[in-house]
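Written below as structure tokens is the structure these notes are about.
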Amino acid sequence: MCERNYPDGFSARVYKIGRDDRGSRLTFLKVTGGCLKVRDKIEYKAHGGDEAKGLLIEKIDQIRKYSGEKYEIADVAEAGEIVAVTGLSSTFPGQGLGVELQSNMPILEPVLNYRMILPDDVNPAAFMEKLKQLEEEDPQLYIVWVEEFKEIHVQLMGQVQMEVLVRLIKDRFGVVVTFGPGSIVYKETIARAVEGVGHFEPLRHYAEVHLLLSPAERGSGITVTSTCSEDVLDKNWQRLIATHVEEKEHRGVLTGSVLTDVKVTILTGRAHVKHTEGGDFRQATYRAIRQGLKSTESVLLEPYYSFILQVPMEYVGRAMTDLEQRFARAEGPQFATTAAREMATITGKAPVATMQDYVSLVHAYTKGLGHLTLELWGYDECHNPAEVIAQMHYDSEEDFRNPTGSVFCAHGSGYVVPWDEVPEHMHLPYVYHGDESEEALAASARTQNAFSAEDAQALAGNRRRTSFEKAVSGMSSVELDAQLADVYAREFGMGKNDIAEDQRRKWSGKKKNEYEGLSGKPRTVKHDKHGNPIYPKKSPGEEYLIVDGYNIIFAWDDLKELSRINIDSARDALKDVLSDYQGYKGCHLLLVFDAYKVKGNAGKRETFHNIEVVYTKQDETADAFIEKTVFGIRDRYKVTVATSDGLEQQTVMSLGALRMSARELKEHIDMTKRAGMEAFISG
């Protein structure tokens, strides 16, 4: 037998994910080239293409060579060996590592959705984390957390897979679960091409995206291409748009089902030199897709089986009638004579929803002589879309997680524009007019580079330039600074340097019992005969929320991801969110950022719309500032501190304040959305 020759470069194939007795995650793989050593760094794409994790670089902590239940520790694994390694957190079965390609093994797509029913003493959110272990081990298992109802849903192929899962959960976690009635997993696509427009421009953010959504071949999923010139929109921004198209499952507007079989073409877009961040294009891209879906005709898709039905000759009429009533698309019967009797074979495809009980029915009416074979075919147009849409009760305008409108800015604040009014406000004209080829679309997009932003808006008839824009157009930077200085003097009575000096003066030498209010102006305080301050009594219900800025940023996934790109953008995004929240709650709100490591920093205080923002001075931590503030105002306000720092929570509680974790703050903000507040958050 010839010995196999392996390539020199490292490559490996993952075939199983497991865990040992201590719960350590094990990646079982076969080395198909080169060798693998302990402490080698492996670069690979995270399980499911998780955008938050992206391309991972992780170190091999341990190599194990198993023999039954026992194993030996090894320093190296040579080509051809099968081993288990620790240290890889997001690998999945079938994945290729190194130069190895990903497996082409078929993955069956689940078509039935079941709600998992847990015992009363099991926390669904905590149990979801355990179920994720099973999902890692079996790539054909889809477990979904439904945030709106705090429920766990499982997408399966059918009853057999469900029974296996119930037994596995009981053996692994000691929990007996049941399932509610199964429902069909629907999808959506479009019937005709449309140009979708997404604009995201809250204060100090900017992005506009135009995407052509075109119907694609069944089973093709979502594909992305571009006809936009790099002279119009930089290649890096285009790559970012493509990433945002592919990074999530976009929802249709008929039932909120997953969008599929659509070709997305980047037509044009616009960024701002100073104010555009990566999260802005995420929002603009998502909104462009949704606006396009609202502007065209959507099609509901359902899963279909391909079938082979074999029945005795005398039952052909009954079989053809049954298949017609089940909306099957059947070919004419083929006849063949066996040793016992003459049989007919009928082939075709039929909706999964109508064929669930037909196997047992065939056995009944043929007295066990008939046989039905079903195999998942794929998705095609739904046979009863009106009925399904009515049952789903989905309202695309109430889906705040997937907004259809865009955000524009005027007079220093952002406002939401409904999807059907976006064309009247967008800054770039339409590129697609109904029948252009890709070459024509590219040529049309390039012409936009000849116009300035204001010219493009004027051509589109969107808005007139303000008097200030006209006044400063054509000014040099020196002239513009002078103009802005006049604005500072006129609006605030001082220049920028005066304001900075005034803030430094206010921060120096202040005692904690002379804490200044949100306005940044010293509070007028009366004193008793002993020199102690006399404060007015706190009115019932007057609340004061203090937020530890960086603690919240690094606790919220969307802000944490944005901070990796630009920390300033993450701070601005948090300020926007809290400003909207304060407007809804009506409480005093103080946002504190830790700047104690900045040498020479004298501290800074500013008012952002309706909230107060403080940057601590050198050698003063945010925790110390918050504690001092709580001590100074606790007698006059009902104080709550938002932080997930356990020690800080204990400290402020000892001072008489209430505590709120980062997760609880997020939930409070989400509740304001559900209560009807129109809000938007930068990603």
Residue pair [X] / [Y]: nearest heavy atoms and the distance that separates them:
X    : Y    : value
A662 : S644 : N-OG, 2.9 Å
F608 : S579 : CE2-CB, 4.0 Å
T189 : T260 : OG1-O, 3.0 Å
L562 : A573 : CD2-CB, 4.1 Å
L376 : P303 : CD1-CB, 4.3 Å

Sequence neighbours excluded, which residues qualify as salt bridge (Lys or Arg N to Asp or Glu O under 4.0 Å) partners of [X]?
X    : answer
R19  : E136
D380 : R218, R329, K349
K235 : none
E421 : none

Checking salt bridge (Lys or Arg N to Asp or Glu O under 4.0 Å) for the pair E302/K187: CA distance, chi angles, key distance, verdict? CA-CA 6 Å; E302 66 176 338; K187 294 187 178 183; over 6 Å; no
Report the relative orientation of the aromatic rings in H199 and F408; use parallel for angles under 30°, tilted for 30 to 60°, perpendicular for over 60°. parallel
Crowding at CG, D395 (>12 non-hydrogen neighbours, <6.0 Å):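 Yes - once you tally the heavy atoms of other residues, nucleotides and ligands closer than 6.0 Å, there are more than 12.
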Does either side chain, that of [X] or that of [Y], offer a donor lying less than 3.5 Å from an acceptor on the other one?
X    : Y    : result
S11  : T32  : yes
T27  : T91  : yes
Y206 : E277 : no
E188 : T255 : yes
E195 : H210 : yes
T404 : E397 : yes
S396 : K294 : yes
D261 : Y379 : no

Any donor-acceptor pair under 3.5 Å from [X] side chain to [Y] backbone:
X    : Y    : answer
D280 : A207 : no
T296 : L293 : no
R290 : G405 : no
Q291 : G196 : no

Listed by chain and number, what are the side chain to side chain donor-acceptor pair (under 3.5 Å) partners of [X], not counting sequence neighbours?
X    : value
T285 : none
E246 : none
R115 : none
R251 : none

Results of ring pair (Phe, Tyr, Trp, His ring centres under 6.0 Å) for [X] - residues two or more places apart only:
X    : answer
W237 : F281
H153 : none
F127 : F173

Is any side-chain N of the basic residue among D558 and K666 closer than 4.0 Å to the acidic one's carboxylate O?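 The answer is yes: the pair qualifies as a salt bridge.
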Taking the side chain as C-beta and beyond, is there a heavy-atom pair between Q283 and H244 under 4.5 Å? no
Measure centre to centre between the rings of Y550 and F593, then say whether the value is under 6.0 Å.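 Ring centres of F593 and Y550 closer than 6.0 Å.
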D572: which residues meet the side-chain contact (heavy atoms from CB on, under 4.5 Å) condition with it, sequence neighbours left out?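 Result, side-chain contact (heavy atoms from CB on, under 4.5 Å) vs D572: R204, H205, K575.
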